[in-house]
Amino acid sequence: MKSNGDCHVLPDAEQLYVTVTEHLLHLADAAIAARGRFHLALAGGNTPRRLYERLAALDSADWDRWEIWFGDERCVPPDHPDSNYRMARETLLEHVAIPPEQVHPIIPHARFEPEAAAADYADTMSAHLPLRAGWPILDVVLLGLGPDGHTASLFPGTGILDVQDTPVAAAYVPRLGAWRISLTLPALAHARQLIFVAEGAGKSEILTRLLRGPAAGESPLPAERVSNPHTEWYLDAAARGSA
Ligand code: 6PG
């Protein structure tokens, strides 16, 4: 994580979400002007809730040109309280006129098998997204940051971090005792733009660690293994802390 122009620190959470919303709209306008579509992969967890609610309040977006993807998903049915799709549906998708066929949940059915669901999603991405050298290209991927340095469902010590031949994979996460499905590091590397969003004092410790970089002999955290020259960080002052 660079602490130069790629890192934007806003005074508070409200300004953070206003700024990220405006930036997303700008990126959407550019993508739609250039290619007629805006392919956005949503982050899960709690941080993006207020961002999605703010997006939903907009009346000036070309929603019929937006296409919604997911950076990762818990292996639960789409109406489960832990589902990232359910959170996005409740905060954004139910409130805007994005055509349903342009919304791609990772787990569309209650019955699922992680590896098969991941393979299906990779096929769906390749069928609907522009390809570059065979890789599906998302316009923007929104990413959160976990206290252990994970992002999407790329958790420390899990095999998915070494997947290089597919944009989506399933991973069993021992510390959660659960399966996750996630975009892989090469999928993130191929995106046109990555936007990390972190808010609140609870993120200041991990951000301090990221800003410091790995100590000698320390393995880089998953968020540090995300390698894309078009990566921006948006933080509020509480998350940035005294780092
Ligand atoms: C998920 C997310 C995950 C999340 C971080 C931060 O499915 O949980 O994709 O990577 O972004 O865990 O979560 P919070 O925003 O809830 O702090």
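Note that the structure is a prediction, hence the values are computed from the model and not measured. Positions are given from 1 along the sequence. For the numbers below, each heavy atom of this structure counts, side chains included, while hydrogens, waters and symmetry mates do not. Whatever order the structure lists ligands and atoms in, that order sets their numbers, starting from 1.
At the shortest separation from atom 8 (O) of ligand 1 among protein heavy atoms lies Arg74 NH2, 2.7 Å. For atom 13 (O) of ligand 1, the closest heavy atom belonging to the protein is Gly45 CA, 4.1 Å. In terms of protein heavy-atom proximity, atom 6 (C) of ligand 1 is nearest to Leu145 O, 3.5 Å. The nearest heavy-atom contact from the protein to atom 15 (O) of ligand 1 is Thr47 OG1, 2.6 Å. Of the protein's heavy atoms, Asp72 OD1, 2.7 Å lies nearest to atom 9 (O) of ligand 1.
With His95 contributing its side chain and Glu90 its backbone, the two residues share a donor-acceptor pair below 3.5 Å.
For ligand 1, the atoms closer than 4.0 angstrom to any heavy atom of Gly144 are 11 (O). Less than 4.0 angstrom separates some heavy atom of Asn46 from each of these atoms of ligand 1: 14 (P), 15 (O), 16 (O).
Counting heavy atoms closer than 4.0 Å to ligand 1, residue Asn84 contributes side-chain atoms (C-beta onward) but none from N, CA, C or O.
Its side chain within the 4.5 Å cluster rule, Trp179 clusters with Tyr172 among the Ile, Leu, Val, Met, Phe, Trp and Tyr residues.
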TODO: Could you give me the CA-CA distance, side-chain angles and deciding distance for Leu129 and Ile137, then say whether side-chain contact (heavy atoms from CB on, under 4.5 Å) is met?
DONE: CA-CA 6 Å; Leu129 286 166; Ile137 307 299; 5.8 Å; no
Task: Audit row: Tyr85, Ile106, side-chain contact (heavy atoms from CB on, under 4.5 Å) steps and yes/no - done: CA-CA 8 Å; Tyr85 166 73; Ile106 293 177; over 6 Å; no
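When side chains are defined from C-beta on, Asp139 does not count as touching Gln193, because their heavy atoms never get closer than 4.5 Å.
Checking Glu232, His23, Arg240 one by one against His8, the side chain to side chain donor-acceptor pair (under 3.5 Å) holds for a single residue, Glu232.
Taking a 4.0 Å cut-off on heavy atoms, Arg180 registers as neighbouring ligand 1. Under the 4.0 angstrom criterion for non-hydrogen atoms, Ala152 is in contact with ligand 1. Heavy-atom separations between Lys203 and ligand 1 include at least one value shorter than 4.0 Å.
The closest side-chain donor-acceptor pair between Tyr17 and Glu199 falls under 3.5 angstrom.
More than 12 heavy atoms of other residues, nucleotides or ligands shown are found within 6.0 angstrom of CD on Glu218.
In terms of polar-atom proximity, defined here as any N/O pair under 3.5 Å, His150 does make such a contact with ligand 1. Among the atoms of Ser153, none of the N or O lies under 3.5 angstrom from an N or O of ligand 1.
Using cut-offs of 30° and 60° on the angle between ring planes, the pair Trp69 and His128 is perpendicular.
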